[in-house]
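Remarks on the structure that follows.
Both backbone and side-chain heavy atoms feed into the values below; hydrogens, waters and symmetry mates do not.
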Amino acid sequence: MPTLKLQHLLLSLLLTGILTGMPPLTAQSPLPPPTSRADLKQQQETLQAQLERATSIEEKISCQVRLAGLKAREDYASGINLAREALEKAKASQQDELIARAYFGCGNIHFRNNRTDEALADFKAGMAFAEKNGDPELLINFNNMLGRIYRQWGIYEKGLEHLQQALSLLKPETGIFSYNTRMSSLHNNIANLFYCTQNLQAAADHSLEAIRYARLGERWDMVSGNFHSLAQTYERLGEQERAAAAYQQAADYSKRIKKKVISPIGKRSHGN
């Protein structure tokens, strides 16, 4: 049997992408992460059907960008080409919001395929249109992703600036989808950045905030994952009793998670 600590690490590898990412940009109801190749194919077929039925340019671009993201899970080239087609359509519409969303879709595909140079270029280009549009949801998402890339590159000051900007824009009154979940995600991303810079107390503080918001959102997977991150931070601080308690909390909350196979996001890393 794996040790308790190893079990917690394996759990963190299986948590959904919301721990380090953000929910989809589109106003449509997001599809859950595909749990198998058959599920992925079914979701692609669902979005393809929606795309064929779409009548407005907004619906068409939204469906095409989402479909591109799913296709990229199997074939990067196929996915990014479809996303680029959506981007050209968005540019032709001359609607800032659509252009920003299409750039975000392209950037996300690059990011998930570890092409951070291309991702950064798309996110920065899309950010310019998001700033013209002024939609806080767009600005939150772009700042979050730019912050994550700069953290990966070790440009921590710039990364923190973007993540804190995203946090400042995320307010309950803006009506942002899944407010508590997004707050938890942003605090987790900031905690990871501080962990990389060895500012361990700040990392612990933000992990605790991530846990608080995940509890409010009843996201037990996120609660468990953030307790695991908190335990790692306490270990680095030399606080073994607190670390053990946090590992136990991670285990307790993991029991609330339904047993199912979900797409891995990768462990907490020092540049991930």
Side-chain angles (χ1 to χ4, degrees), residues 12 15-26 30 33 100-101 104 107-108 111-112 116 119-120 123-124 126-127 130-131 134-197 199-230 232-233 246 250 253 265-272:
S12 72
L15 293 177
T16 62
I18 197 64
L19 284 180
T20 52
M22 299 294 286
L25 279 168
T26 62
R101 292 182 186 279
F104 188 87
N108 241 354
F111 184 82
R112 289 176 178 175
T116 50
L120 182 69
F123 288 140
K124 289 177 74 173
M127 179 79 144
E131 288 173 339
D135 185 334
E137 184 176 13
L138 286 167
L139 293 170
I140 289 164
N141 280 273
F142 278 113
N143 275 294
N144 176 61
M145 296 307 296
L146 287 169
R148 292 176 63 192
I149 290 175
Y150 285 126
R151 177 177 70 86
Q152 284 193 16
W153 288 359
I155 308 175
Y156 298 124
E157 185 175 348
K158 202 163 187 177
L160 182 60
E161 179 183 332
H162 280 289
L163 291 172
Q164 289 181 330
Q165 178 65 13
L167 196 63
S168 70
L169 290 167
L170 186 52
K171 303 180 186 302
E173 59 268 24
T174 58
I176 297 296
F177 175 77
S178 299
Y179 170 78
N180 289 321
T181 299
R182 292 191 177 202
M183 284 293 287
S184 179
S185 177
L186 280 170
H187 278 291
N188 175 74
N189 288 339
I190 294 173
N192 285 339
L193 187 149
F194 279 128
Y195 187 89
C196 292
T197 64
N199 190 342
L200 299 177
Q201 188 55 59
D205 292 342
H206 280 281
S207 286
L208 287 168
E209 282 297 281
I211 290 166
R212 182 169 73 87
Y213 281 106
R215 279 172 164 163
L216 289 172
E218 298 185 354
R219 284 298 305 270
W220 312 127
D221 54 342
M222 295 178 69
V223 174
S224 181
N226 280 302
F227 264 122
H228 180 269
S229 294
L230 181 62
Q232 290 180 314
T233 303
Y253 274 97
I265 61 165
K267 63 183 178 182
R268 177 194 211 175
S269 72
H270 298 267
N272 202 20

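Here the closest heavy-atom approach between residue N144 and residue L186 is recorded as OD1-CD2, 3.4 Å. Between L146 and M127 the shortest heavy-atom distance is CD1-CE, 4.4 Å. Counting all heavy atoms, side chain and backbone alike, V223 lies closest to R215 at CG2-N, 3.6 Å. Closest of all the heavy-atom pairs between A210 and H187 is N-CB, 3.7 Å. When every heavy atom of S229 is checked against every heavy atom of S207, the shortest pair comes out as CB-OG, 4.3 Å. Between A119 and I149 the shortest heavy-atom distance is CB-CD1, 3.9 Å.
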From CA spacing to verdict: side-chain contact (heavy atoms from CB on, under 4.5 Å), C196, R151
CA-CA 8 Å; C196 292; R151 177 177 70 86; 3.9 Å; yes
Go through it in stages, so that I can follow the logic: the residues are F104 and F123, the test is ring pair (Phe, Tyr, Trp, His ring centres under 6.0 Å), and I'd like the CA-CA distance, side-chain angles, deciding distance and then a yes or no.
CA-CA 6 Å; F104 188 87; F123 288 140; 5.4 Å; yes
Between N189 and S185, does the side-chain contact (heavy atoms from CB on, under 4.5 Å) criterion hold? Intermediate values first, please.
CA-CA 6 Å; N189 288 339; S185 177; 4.1 Å; yes
side-chain contact (heavy atoms from CB on, under 4.5 Å) for W153 and K158? Distances and angles first, verdict last.
CA-CA 10 Å; W153 288 359; K158 202 163 187 177; over 6 Å; no
Evaluate Y213 against T181 for side-chain contact (heavy atoms from CB on, under 4.5 Å), listing each step before the verdict.
CA-CA 7 Å; Y213 281 106; T181 299; over 6 Å; no
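Atoms CG and CZ, from L200 and F194 in turn, are 11.0 Å apart once rounded to the nearest 0.5 Å. Remark: Y179 OH to K171 NZ distance equals 8.0 Å, nearest 0.5 Å. In this structure, CG in N192 is found 11.0 Å from OG1 in T197, a value given to the nearest 0.5 Å. Between atom CE of residue M145 and atom CG of residue N108 there is a gap of 5.0 Å, rounded to the nearest 0.5 Å. Within the model, atoms CG of D205 and OG1 of T233 stand 10.0 Å from one another, a figure rounded to the nearest 0.5 Å. To the nearest 0.5 Å, atoms CZ (R219) and CG (N226) are separated by 10.5 Å.
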Distance-only donor-acceptor hits, side chain of residues 159-169, under 3.5 Å, sequence neighbours excluded:
from: H162; atom 1: ND1; to: N143; atom 2: OD1; distance (Å): 2.8
from: S168; atom 1: OG; to: Q165; atom 2: O; distance (Å): 2.7

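Contacts of E157 classified as side chain to side chain donor-acceptor pair (under 3.5 Å), with partners at least two apart in sequence or in another chain: none. Among residues two or more places apart in sequence or in another chain, the side chain to side chain donor-acceptor pair (under 3.5 Å) test is passed with N180 by none.
Residues E137 and N141 bring no donor and acceptor atom of their side chains to less than 3.5 Å of each other.
Of the possible donor and acceptor atoms, none in the side chain of S224 sits under 3.5 Å from a partner among the backbone N and O of W220.
Under the 30°/60° scheme for interplanar angles, the aromatic rings of F227 and Y253 are found to lie parallel.
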